[in-house]
Protein chains: 2
Amino acid sequence: MHITRYTDYSLRVLMYLAVKGEALSTIKEIADSYQISKNHLMKIVQQLNSKGYVIATRGKNGGLRLNGKPEDINIGVLVRDIEQDLTLVECFGEGNTCVITPACQLKTVFAEALECFLQKLDQYTLADLLPQHQQAKFVQLINLN
Amino acid sequence: MHITRYTDYSLRVLMYLAVKGEALSTIKEIADSYQISKNHLMKIVQQLNSKGYVIATRGKNGGLRLNGKPEDINIGVLVRDIEQDLTLVECFGEGNTCVITPACQLKTVFAEALECFLQKLDQYTLADLLPQHQQAKFVQLINLN
DNA sequence: TTAAAGATGCATGTAAAATACATCTTTAAA
DNA sequence: TTTAAAGATGTATTTTACATGCATCTTTAA
């Protein structure tokens, strides 16, 4: 069971921007800091922008900043929004071929469990991922590499 | 976010055997009923056998039966046991390269959410997946195909 | 002794995800 | 007004986990 890198990287970008505050950060800068693919990050940022999580400014001296305060960005909401495919088991999806589906509670049970998972994430915001007392360390880590 | 077919099929096999009761079922029979790969099922059954969920009898007139009562097979326990890789995000795993891990709460938060997911599954057993009143329907479905 | 069952190891196929590449658009500074 | 630095977008390629196939071995009851 995995979350895609796509969602993982989305969260990392938002954390980066949260620490940066009002200052703009470029995609290249973020990709370099995290040592991950700039190309992949572009797609991610594009989506974060279109969904309103970040504000992207094009052109020279452009860059990214967080849209809103870290305390207002909920992790559960974000994951529901970004993680592309939450079809936990085959019978969740469109192309389900499982013959017993009409007589089986698997779907119900897993749907409940997924909801529990997401509700736990609903209890946290971006601010919780970066406690105040660890922000200095965070800055160190992203500058060192 | 997905559970592997491996785990999905494991659950289906156990449900099949639960309905069959004391009678033995062969892998071929189960694969045919569900219209899934017999080869893949063999691997799955082998693991279910080695982990003690089923009892496999080799040789002529052999087959499979459930080891224990459906009420005693817990879904959460099973998923923890069978689902190969519960590293939800990169920082859960061995080869983690995320530079901010030491200053980041992501791991903690997702670990909590995963635990909620599994604890919800802990509330159900194999018997709950197949309510008594749907067993007749179940039998119909696996024989029709 | 033979046929029907599961066990095992290795090879291959497949689809989703990740990444790369190329080109376009926007914008501020020189 | 041109140029360079930024993001936007679409297509192609690579990678990887997962699923499946195939061949051979072992067990066991008829």
Side-chain angles (χ1 to χ4, degrees), chain A residues 1-10 12-13 17 23-32 34-51 53-65 67 82-90 93-95 97-98, chain B residues 1-10 12-13 17 23-32 34-65 67 82-90 92-95 97-98:
Chain A
M1 195 162 77
H2 299 282
I3 291 289
T4 59
R5 294 255 159 129
Y6 205 91
T7 303
D8 189 356
Y9 288 174
S10 292
R12 295 194 206 176
V13 167
L17 297 178
L24 297 188
S25 315
T26 67
I27 293 176
K28 180 165 191 324
E29 175 193 334
I30 300 173
D32 286 349
Y34 285 133
Q35 300 167 256
I36 61 185
S37 156
K38 185 191 161 201
N39 294 294
H40 201 201
L41 255 199
M42 300 224 37
K43 313 279 159 105
I44 288 161
V45 163
Q46 172 200 343
Q47 197 187 351
L48 290 174
N49 186 28
S50 73
K51 299 216 175 204
Y53 291 101
V54 306
I55 292 168
T57 309
R58 285 180 169 199
K60 204 160 185 176
N61 297 336
L64 311 166
R65 63 188 175 81
N67 187 14
I82 301 288
E83 180 71 8
Q84 346 234 3
D85 188 356
L86 289 173
T87 60
L88 256 191
V89 280
E90 189 189 340
E94 297 262 308
T97 63
C98 180
Chain B
M1 197 161 79
H2 299 282
I3 292 289
T4 59
R5 293 259 159 129
Y6 205 92
T7 302
D8 189 356
Y9 289 174
S10 293
R12 294 193 206 176
V13 167
L17 297 179
L24 297 187
S25 314
T26 67
I27 292 176
K28 179 163 191 326
E29 174 193 334
I30 300 173
D32 287 349
Y34 286 133
Q35 300 167 256
I36 61 184
S37 156
K38 185 191 161 200
N39 293 294
H40 201 200
L41 255 198
M42 300 223 38
K43 317 273 159 112
I44 288 161
V45 163
Q46 170 201 342
Q47 196 187 351
L48 289 174
N49 186 29
S50 73
K51 299 217 173 200
Y53 291 102
V54 306
I55 293 168
T57 309
R58 285 181 171 199
K60 204 159 183 174
N61 296 336
L64 313 165
R65 63 189 174 81
N67 187 13
I82 301 288
E83 180 70 9
Q84 346 236 1
D85 188 357
L86 288 173
T87 60
L88 256 191
V89 279
E90 190 189 341
F92 275 45
E94 297 262 307
T97 62
C98 181

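A note on names: the letters A, B, ... follow the listed sequences, proteins ahead of strands, and every chain is numbered from 1.
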OP1 or OP2 of dA17(C) under 4.0 Å from side-chain N/O of Y9(A): no
Whichever of Y6(A) and N61(A) has its nearest DNA chain C nucleotide further upstream toward 5': Y6(A)
d(NZ, K43(A); C1', dA16(C)) in whole Å: 15 Å
Complementary nucleotide of dA30(D), counting Watson-Crick and G-U pairs under 3.5 Å: dT1(C)
Rounded distance (Å) that lies between atom C1' of dA29(C) and atom CZ of R58(A): 18 Å
Contact under 4.0 Å: T57(A) side-chain N or O vs dG7(D) OP1/OP2: no
T97(A) versus Q35(B), side-chain donor and acceptor atoms under 3.5 Å: no
Between C1' of dT28(D) and CG of L24(B), the distance in whole Å: 13 Å
Sugar-phosphate, base or nothing in reach of D85(A), heavy atoms under 4.0 Å: nothing
Main-chain N/O of V89(A) paired with D8(B) side-chain donor or acceptor, under 3.5 Å: no
Rounded interatomic separation in angstrom, taking CD1 from I36(A) and P from dA17(C): 17 Å
Nearest-Å distance for atom pair NZ/P, residues K28(B) and dG6(C): 11 Å
Nearest listed nucleotide, side chain of A56(A), among dT20(D), dT27(C), dA8(D): dA8(D)
Selected nucleotide, minimal atom distance to K60(B) side chain, candidates dT20(D), dC18(D), dA3(C): dA3(C)
OP1 or OP2 of dG7(D) under 4.0 Å from side-chain N/O of Q46(A): no
G59(A) or R5(A), whichever maps to the more 5' nucleotide of DNA chain C: R5(A)
Euclidean distance, atom CG of residue L41(A) to atom C1' of dT9(D) [Å, nearest integer]: 16 Å
Most 5' of M1(A) and M42(B) on DNA chain D, judged by nearest nucleotide: M1(A)
Side-chain ion pair, E29(B) and K38(B), N-O less than 4.0 Å: no
Closest-nucleotide ordering on DNA chain D, the 5'-leading residue of N39(A) and I3(B): N39(A)
Side chain of H2(B) - closest among dT20(D), dC18(D), dA17(C): dA17(C)
Side-chain donor or acceptor of H2(B) paired with backbone N/O of T87(A) under 3.5 Å: yes
Atom-to-atom span, CD1 of I27(A) to P of dA20(C) - whole angstrom: 15 Å
Spacing of H40(B) atom NE2 relative to dG6(C) atom P, expressed in whole Å: 17 Å
T26(B) side chain near dA4(C) phosphate (N/O to OP1/OP2, under 4.0 Å): no
Donor-acceptor side-chain pairing of E83(B) and T4(B) below 3.5 angstrom: yes
Flag, side chain of Y6(B) to backbone of K43(B), donor-acceptor distance under 3.5 Å: yes
